[in-house]
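Shown next, in structure tokens, is the structure this report addresses.
Keep in mind that this is a model prediction, so the values were computed, not measured.
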Amino acid sequence: MKPLTYNTGKIPVWCPGCGNFAIWNSIKKALASLELEPQKIALVSGIGCSGKMVNHVRSYAFHALHGRTLPVATGVKLANPELNVIVNGGDGDGYGMGVGHLIHAIRRNINVTYIVHHNKVYGLTTGQAAPTAVEGTISKSTPFGVVDAQINPLVLAMANGATYVARGYSGESEQLAELIAGGIQHKGFAIIDVLQPCVTFGGDYKYDYYDERTEKLTEMPSPEKAIALATEPDKYYLGLYSKYDRPSYDERHPEISTEIKAKDVSKLIESFI
Ligand code: SF4
């Protein structure tokens, strides 16, 4: 299988230089490395520039409401556990309005791979501050500077028991492909927070900023060290922070998919037409 296998023929409309291109390529590389056939993959995305990913990867796809990717992905996985469910969303989508869903997906250990495009802004709506924005950042929604503290997604995920936690960077697409492949292979909830420069509305947080502040982890750190690394100011370590085994929700509740498969869903579909 080659990365080209997963092209849909649609040309992305992301701004030239957007970090989303590298994430797109890394997803395709990861899928090719795992030899996954398109019909074994379901992509779910939220609203935002990242949400367009469903248009560009050959697979089943669902473009969900803003902040609601994980409930949809949960439904897809429980209905058909044989699908590899990959979720794409922005940091506003996932750490803002969707953060409650994130915590519950973590505690249930839903077996999906969640790729969060971390660019510190709402790019599609032209640059409002996301929950990852640095305190003091001037943006369209914060003309006097962000007054709230940043969400730290890695700490949030690890503290709540996520079974696979990683950080990637659009500027390191080979490593990112490996982290995504690792997340897909992991049996449980995998979150990969990806530093994705928004070159148009991202203010100071572009490639130069991250190139100067990123460093690859050489091995997975201990839990204590992982928290220390994730909270080091003005520094972004790239790699796998945490991984351990815990039965996933679909493993613990196989009866859910059996019940769904036994139902005649055609009537339900008709009711929507
Ligand atoms: Fe990428 Fe930002 Fe352009 Fe959206 S607005 S496509 S995130 S560079």
Taking only residues two or more places apart in sequence, or in another chain, which ones meet F201 in a ring-ring contact (aromatic ring centres under 6.0 Å, His included)?
none

With sequence neighbours left out, what residues match Y164 under ring-ring contact (aromatic ring centres under 6.0 Å, His included)?
H186

With no hydrogens and no angle check, is any side-chain donor or acceptor of S45 less than 3.5 Å from a backbone partner on K52?
no

Which residues share a side chain to side chain donor-acceptor pair (under 3.5 Å) with K140, sequence neighbours left out
T126

Tell me, please, which residues at least two apart from Y60 pass ring-ring contact (aromatic ring centres under 6.0 Å, His included).
none

Can you tell me how far apart CD (E178) and OG (S26) are? Round to the nearest 0.5 Å.
10.0 Å

Mind telling me whether H66 and Y122 have parallel, tilted or perpendicular rings, with 30° and 60° as the class edges?
perpendicular

Cut-off 3.5 Å, side chains only: do Y241 and D193 have a donor facing an acceptor?
no

Taking every non-hydrogen atom, the tightest pair across E35 and M1
OE2-N, 3.3 Å

Is it the case that the side chain of T113 and the backbone of I86 share a donor-acceptor pair, with hydrogens and angles ignored and the cut-off at 3.5 Å?
no

Side chains of S139 and S141, donor plus acceptor under 3.5 Å:
yes

Any side-chain donor-acceptor pair under 3.5 Å between T163 and N109?
yes

Any sub-3.5 Å donor-acceptor pair from T258's side-chain atoms to P254's backbone N or O?
yes

Checking the side chain of Y207 only, and the main-chain atoms of G17 only, is there a donor and an acceptor separated by less than 3.5 Å?
yes

Please list, chain by chain and in numerical order, all residues satisfying ring-ring contact (aromatic ring centres under 6.0 Å, His included) with H104, sequence neighbours excluded.
none

Should the ring pair Y236 and Y209 be called parallel, tilted or perpendicular, given that the plane angle runs from 0 to 90° and is split at 30 and 60?
perpendicular

Only counting residues at least two apart or in another chain, list the ones meeting side chain to side chain donor-acceptor pair (under 3.5 Å) with N160.
none

